[in-house]
2 protein chains.
Amino acid sequence: MHHEIECKWKGKMEFEGMINGHSITIDATPAGGGENHGPSPKILLLLSAAGCTGMDVIPMLEKMRVPITGLNIRAVADGTDVDPKVYTMMKIIYEFSGNNLNEHREKLERAVSLSQEKYCGVSAMLSKAMEITTEIVIA
Amino acid sequence: MHHEIECKWKGKMEFEGMINGHSITIDATPAGGGENHGPSPKILLLLSAAGCTGMDVIPMLEKMRVPITGLNIRAVADGTDVDPKVYTMMKIIYEFSGNNLNEHREKLERAVSLSQEKYCGVSAMLSKAMEITTEIVIA
């Protein structure tokens with residue numbers, strides 16, 4: 001696996017990321033000297049973790065024939081307030097919707113566990129730096 | 001420090017991330033069952049790392065009165081091809097532009113070192129999972 005990105009300074013604290021042709025603006029908040037034209041860079045780690053496990057769980061549940069109609073993943077992190085400011089814990093909350101999903105709770109739990117323990121590369125990396133916990137909610 | 005994001009499934013492998021009001025689409029490539037409507041989640045780690053250190057280096061160089069006019073940060077990572085697919089090394093290449101920057105090379109190196117060793121929370125986290133190296137290029 002080989003990945004590359006570019007991140008170009010646009011002035012003040014704003015940068016434009018280029019990822020395989022996709023542009024993403026990142027910026028600091030006004031308190032941090034920026035203009036809030038995009039998310040701050042650190043919080044992208046949470047989206048990376050949520051998206052990575054989501055892309056594991058969706059095809060697994062399709063194979064398991066679990067009739068989900070929606071998935072909203074929330075990632076919540078707490079961390080230090082001294083430099084370097086790092087996350088020390090992250091909770092990933094999977095909110096599934098669909099008909100009679102309570103009957104499939106074991107499969108939902110299995111898919112989440114398999115992602116966290118076996119497949120999700122982002123969780124495998126970030127778990128070296130912080131505690132990661134999960135929660136399943138059936139909407 | 002407390003951070004939260006949401007990541008909502010849009011169908012197939014596409015998710016919409018919501019970060020403090022900013023929307024970011026992530027998706028898999030066609031080879032991964034997606035439609036490439038956005039970057040894949042894992043590679044966001046590289047943008048997170050590049051942006052975080054960029055937001056350290058720019059104000060440091062302003063304080064040091066180094067007359068940079070441009071900064072393009074490239075992040076390049078190599079990793080495993082078996083699950084969980086993780087990065088094992090990342091190189092961050094800082095491409096500075098400006099007049100007579102060669103006279104300020106020591107300050108550029110000091111700003112990069114201070115970011116990597118003291119301030120950049122993303123590098124502090126990711127360095128638990130992979131080797132991080134840096135390179136300075138004066139354009």
Side-chain angles (χ1 to χ4, degrees), chain A residues 1-9 13 15 17 19-20 22 24 26 28 32-34 36 38-52 54-55 58-59 70-81 83-87 118-126 128-130, chain B residues 1-9 13 15 17 19-20 22 24 26 28 32-34 36 38-52 54-55 58-59 70-81 83-87 118-126 128-130:
Chain A
M1 175 172 55
H2 180 84
H3 285 172
E4 293 194 29
I5 64 100
E6 284 198 4
C7 181
K8 191 172 182 179
W9 181 40
M13 294 292 259
F15 286 81
I19 305 181
N20 297 332
H22 301 289
I24 294 180
I26 54 179
N36 193 30
S40 69
K42 191 176 294 155
I43 203 168
L44 289 178
L45 297 184
L46 304 187
L47 181 60
S48 179
C52 189
M55 290 188 192
I58 290 292
L71 171 57
N72 187 41
I73 300 176
R74 292 192 296 125
V76 180
D78 288 304
T80 62
D81 290 314
D83 293 321
K85 295 187 185 75
V86 296
Y87 298 135
K118 191 169 177 185
Y119 293 110
C120 179
V122 176
S123 279
M125 288 183 267
L126 295 184
K128 307 275 190 194
M130 69 196 75
Chain B
M1 177 172 54
H2 179 84
H3 285 172
E4 294 195 28
I5 64 101
E6 284 197 4
C7 180
K8 191 173 183 179
W9 182 39
M13 295 291 260
F15 287 81
I19 304 181
N20 297 332
H22 300 289
I24 294 180
I26 54 177
N36 194 30
S40 69
K42 189 176 295 155
I43 203 168
L44 289 178
L45 297 184
L46 304 187
L47 181 59
S48 179
C52 189
M55 290 186 192
I58 290 292
L71 171 57
N72 186 41
I73 300 176
R74 292 191 297 126
V76 180
D78 287 305
T80 62
D81 291 313
D83 293 319
K85 295 186 184 75
V86 296
Y87 298 135
K118 191 169 177 187
Y119 292 111
C120 179
V122 176
S123 278
M125 288 183 266
L126 294 183
K128 307 274 190 192
M130 69 196 74

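So that the names make sense, note that chain A is the first sequence line, chain B the second, and so on, each numbered from 1.
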Between [options], who has the most heavy-atom pairs with chain A when the cutoff is under 4.5 Å?
options                              : value
B:Gly34, B:Ala77, B:Gly51            : B:Ala77
B:His2, B:His3, B:Lys8, B:Glu4       : B:His3
B:Lys85, B:Lys128, B:Met1            : B:Met1
B:Gly121, B:Gly79, B:Ala49, B:Ser48  : B:Ser48
B:Ile73, B:Leu126, B:Val122          : B:Ile73
B:Gly17, B:Ala129, B:Ala124, B:Ala75 : B:Ala75

Taking every non-hydrogen atom, the tightest pair across B:Met125 and A:Tyr87:
SD-N, 3.4 Å
Can you tell which part of [X] gets under 4.5 Å to a heavy atom of chain B, answering side chain, backbone, both or neither?
X        : result
A:Cys120 : backbone
A:Ile43  : both
A:Tyr119 : both
A:Lys42  : both
A:Asp78  : both

Just so I know, are the side chains of B:Leu44 and A:Ile5 near enough to count as touching, which here means a heavy-atom distance under 4.5 Å?
no
From [X] atom [atom1] to [Y] atom [atom2], the distance as rounded to the nearest 0.5 Å:
X       : Y        : atom1 : atom2 : value
B:Asp83 : A:Lys118 : CG    : NZ    : 8.0 Å
B:His22 : A:Ile24  : NE2   : CD1   : 12.0 Å
A:Leu47 : B:Glu6   : CG    : CD    : 11.5 Å

Which portion of B:Leu46 sits near chain A, non-hydrogen atoms under 4.5 angstrom
both
